[in-house]
Amino acid sequence: MTMPFIDLAAQQARIRNQLDSAIGRVLEHGRYIMGPEVKEFEEKLAAFCGAKHALGCANGTDALSLALMALGVKAGDAVFVPSFTFAATAEVVPFLGATPVFVDVLPDTFNMDVESLKRAIAFAKAEGLTPRCVIPVDLFGLSADYDAIIPVARENGLFVIDDAAQGFGASYHGRTVGALADITTTSFFPAKPLGCYGDGGALTTDNDEYAALISSLRNHGQGADRYDQQRIGMNSRLDTLQAAILIEKLAVFADEIEERQRVAERYSQGLKGRYGVPTVPEGLRSTWAQYTITTKSAAERDEVIAKTKDAGIPTAIYYPIPLHAQVAFRDFPRDPNGLPVSDGFAARVISLPMHPYLGAQVQDKIIEAIL
Ligand SMILES: *Cc1c(COP(=O)(O)O)cnc(C)c1O
């Protein structure tokens with residue numbers, strides 16, 4: 001048997017009966033688009049993170065687009081994004097005609113460096129752009145430092161969108177990711193900590209006006225009824241079937257986040273000293289979307305890859321090329337001091353199997369192979 005990187009089958013076995021019933025109910029009522037499960041899931045998702053509103057949509061990338069559209073981001077605006085993240089965080093910005101400006105990350109948490117953000121804002125202004133929005137990412141499941149970022153955003157008139165595709169449900173000084181920024185976006189791609197069985201996404205916010213706009217924008221800019229178009233929108237709804245599945249997965253999500261702490265702790269105990277292990281600042285709790293170690297050099301990473309491959313252990317590199325170096329993004333502006341931390345991580349990070357159902361024995365085998 002091959003070892004899974006993320007064991008979705010173990011999770012499915014745990015809640016299979018509930019999933020079958022939930023899917024069965026949707027097949028019975030047949031309301032596949034915006035059926036009753038969508039509203040039920042949205043209410044439960046909002047309650048889970050403590051936000052006033054939650055709105056489902058088609059995927060995590062659309063969630064980011066919908067957030068930028070609701071905030072009125074347009075051509076000439078600068079949107080600040082980390083370079084060390086998945087492409088979707090930056091991709092939505094030029095798609096809406098605005099300019100992404102790349103910011104470096106911190107060497108300990110993988111998350112946005114507020115000093116780099118300040119330099120990028122000054123640079124964007126000097127280039128004649130209008131600083132409008134910052135999108136910190138909760139990379140690998142750990143919340144970005146909102147207490148440092150939000151004051152800088154406010155001083156500069158920026159909206160804050162939390163890209164919580166990986167960190168939704170994480171804890172930040174007693175609060176839950178989903179209720180920290182003006183708008184939070186997440187993804188239910190199957191491999192995310194809270195995933196469905198296809199594509200799905202959501203936005204959460206405390207702001208009534210943004211919630212009403214997002215509700216309209218995700219459904220063709222609809223107003224009072226289906227044939228009343230108030231604005232240019234898109235078709236980006238969460239399927240009823242996916243919502244029904246997500247209701248059952250959300251019911252075990254808090255427990256799974258707890259189990260992920262156990263797995264992460266065991267890795268860190270076994271690997272610290274030999275490799276760079278993830279830092280979790282005091283008062284924060286990660287969802288551990290990924291457990292990512294850092295080697296001293298690219299050559300050492302190659303050795304780790306070879307050792308795990310021989311032992312039949314799957315690994316992954318998130319991310320091998322920082323966005324500012326990608327063909328699609330390399331002509332966009334960035335922190336004028338460069339992005340050395342992002343460049344360094346791309347050459348030295350490696351992510352290990354991580355999921356709530358990873359047993360201690362299997363984990364010890366992984367640790368042993370890497371040591
Ligand atoms: C997965 C991911 C997204 C995009 O989500 P999709 O549902 O795949 O569109 C956006 N940002 C980050 C950081 C992600 O990890």
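Every number for a ligand or one of its atoms is a count from 1 in the order of the listing. Throughout, numbering of the chain's residues begins at 1 and tracks the sequence.
Nearest protein heavy-atom contact of atom 9 (O) of ligand 1 is Thr61 OG1, 2.5 Å. From the protein, the heavy atom lying nearest to atom 13 (C) of ligand 1 is Asp163 OD2, 3.5 Å. Atom 15 (O) of ligand 1 has as its closest protein heavy atom Lys192 NZ, 2.6 Å.
Residue Ser187 has at least one N or O atom closer than 3.5 Å to an N or O atom of ligand 1.
With respect to Arg154 and Asp182, a salt bridge is recorded, a charged nitrogen being found less than 4.0 Å from a carboxylate O. Salt bridge present: Asp255 and Arg14 bring a charged side-chain N and a carboxylate O closer than 4.0 Å.
Looking only at distances, no side-chain donor or acceptor of Ser116 sits under 3.5 Å from a matching main-chain atom of Val103. Put simply, the side chain of Thr186 never gets that close to the backbone of Ala202: no donor and acceptor are under 3.5 Å apart.
Linking ILVMFWY side-chain heavy atoms closer than 4.5 Å, directly or via other members, places Leu194 and Leu64 in two distinct hydrophobic clusters.
Under a 4.0 Å criterion applied to the non-hydrogen atoms of Thr85, ligand 1 contributes the atoms 13 (C). Contact atoms of ligand 1 toward Val137: 13 (C) (distance under 4.0 Å to a heavy atom of the residue). Listed by atom number, the atoms of ligand 1 under 4.0 Å from Ala165 heavy atoms are 2 (C), 3 (C), 10 (C), 11 (N), 12 (C), 14 (C), 15 (O). Near Asn59, meaning under 4.0 Å from one of its heavy atoms, ligand 1 places the atoms 7 (O), 9 (O).
By the 4.0 Å heavy-atom criterion, Thr89 is counted among the residues contacting ligand 1.
Side chains of Gln261 and Glu265: no donor on one and acceptor on the other come within 3.5 Å. Inspection of the Thr292 and Ser351 side chains reveals an N or O donor paired with an N or O acceptor under 3.5 Å.
The residue Asp62 has no part lying near ligand 1, judged by heavy-atom distances below 4.0 Å.
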